[in-house]
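Report on the structure given below.
All of these numbers come straight from a predicted model, not from anything done at the bench. Each ligand, and each atom within it, is numbered from 1 in the order the structure gives.
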Amino acid sequence: MHQYPAGHVFYRKLNQPFPEIVRGEGCWLEDVDGKRYLDAVGGAFVASLGHGDAGIADAMAAQARRVAYVNGTAFTTDAAEQLATELAATLPGDLDHLYFLSSGSEAVEAALKLARQYWVEHGRPEKHKIVALAPAYHGNTLLALSASAREHYKTIFGDWLVDVIRVPVPCYRCACGGTDGTCATCTGTALEDAILRAGPGTVAAFIAEPVGGSSTGAAVPRPDYFRVVREICDRHEVLFVADEVLCGAGRTGTWWAIEPFGVVPDLMTIGKGIAAGYAPLSGVAAPRRIVDVLAAGSGSLLHAQTFSFHPVACAAGLATVRALKTRRLVERCAELGDVFHAKLGGLKSLPHVGAVRGRGLLAGVELVEDARTGSPLPRSLKVAETFTARARDAGLMVWPNVGHADGTNGDLVMLAPPFIVTETELDEIVARFGVALERTLSALAVPVP
Ligand code: PLP
């Protein structure tokens, strides 16, 4: 175990020990002491191919041997060209041009800047406002953080953030449960009210995750939600940016989570699973109708970064996308997703387990005070954090999130196993979840109803 301040690493958490991982294979990680962890969340919704995939490692090594780095302002590479071609073949509608970056936050920054630059170069400089859902998370750099409704991340940086207009997230903790065809939140008409209040002539973009990430425990909007969003955005000339950094690249059982909604966004951000964790890789997908405006105007997107279009990262992405296609892993994710959700349904009989949401191999499990009402446990108990620590002790890696219920309270546990997970491993995830929950409730002395 390593722990700050020993050694010289400035860790993500300064008051917890970090096991040192020495190898990974499939859904399993092994630390230096030989302890094995079942990676039920692919690190952070990333390792969709599992760990130790030799094909991806070989492709990266081959690219590094040929040429590891060129700058994106001067050169392109076969890896970037082919990756863009492979992705364009999967992306909806006219989203067929790709701008590659390293992280999801960078992709969100770039997409929002592209939306703004598009309107400026289109002769509509007054269009600058951003509308986003709440709760939601779009990244940690300052514009992406501004777009994120995760208040405890933002408190001390408030002076540096821009105002973003908020619309409540659909079909998540709404009293109507997504079933009321007149509910403004769940049908999408709340977006139109927000745009009208802001003045449509001033709104540049609406950004939303087609299937929620850890902010909403993988909440899935009503089937008609994004059709209504699309109509509203068209009516008011607002660019619809689908943030698929977490839910994309097959995670929900379709290549892109927006697909079942039957609409095409104006821009899409992608990341996490597109290189399955073998390299940091993200991107913005854009149609020619938007890129052409820049091509005829300033000539470039004002978002230059040293490591954009990185050849080795693109080679990792290319090998990943090809593996997803040739091994039919997105289809497998859909099939196993149904199996997974059926198994997770069994968790609802456990004490303090509330809603279980999600699609494909993406799931969110709420831990609540009262499963009938969904009322949250007191934040002071730190249930999600304790659960995550107990799960790790039990050899299960999950992703916690807090504060989604009312901005302060709310405990969520996210699961997103690799697409190569077996049914036996899915059973093991559910079993270890139960063990971790029992140990959490007993450690915190939470009364079991
Ligand atoms: N967008 C969404 C939907 C995310 O879930 C995340 C990260 O979790 C991001 C953007 C930011 O990605 P990154 O952490 O790679 O910067």
Under 4.0 Å between heavy atoms, the region of Phe45 that gets near ligand 1 turns out to be neither
Under-4.0 Å heavy-atom contact with ligand 1, by part of Glu106 that carries it: neither
Check this for me: [X], atom [atom1], are more than 12 non-hydrogen atoms of other residues, nucleotides or ligands nearer than 6.0 Å?
X	atom1	value
Phe18	CZ	yes
Lys113	NZ	yes
Arg12	CZ	no
Arg288	CZ	no

Distance filter under 4.0 Å to [X] heavy atoms, resulting ligand 1 atoms:
X	value
Glu209	3 (C)
Ser105	11 (C), 12 (O), 13 (P), 16 (O)
Leu246	5 (O)
Lys272	5 (O), 7 (C), 8 (O)
Ser103	15 (O), 16 (O)
Gly104	11 (C), 12 (O), 13 (P), 15 (O), 16 (O)

Under a heavy-atom criterion of less than 4.0 Å, does Glu244 contact ligand 1? no
Could you tell me whether Phe75 and Phe309 have their ring centroids closer than 6.0 angstrom? no
Pi-cation contact, Tyr137 with Arg150 (under 6.0 Å, within 45°): yes
Considering only heavy atoms from C-beta outward, does the side chain of Pro260 approach that of Thr254 to under 4.5 Å? yes
Give me the nearest non-hydrogen protein atom to atom 1 (N) of ligand 1 as residue plus atom name, then the distance to 0.1 Å. Asp243 OD2, 2.7 Å
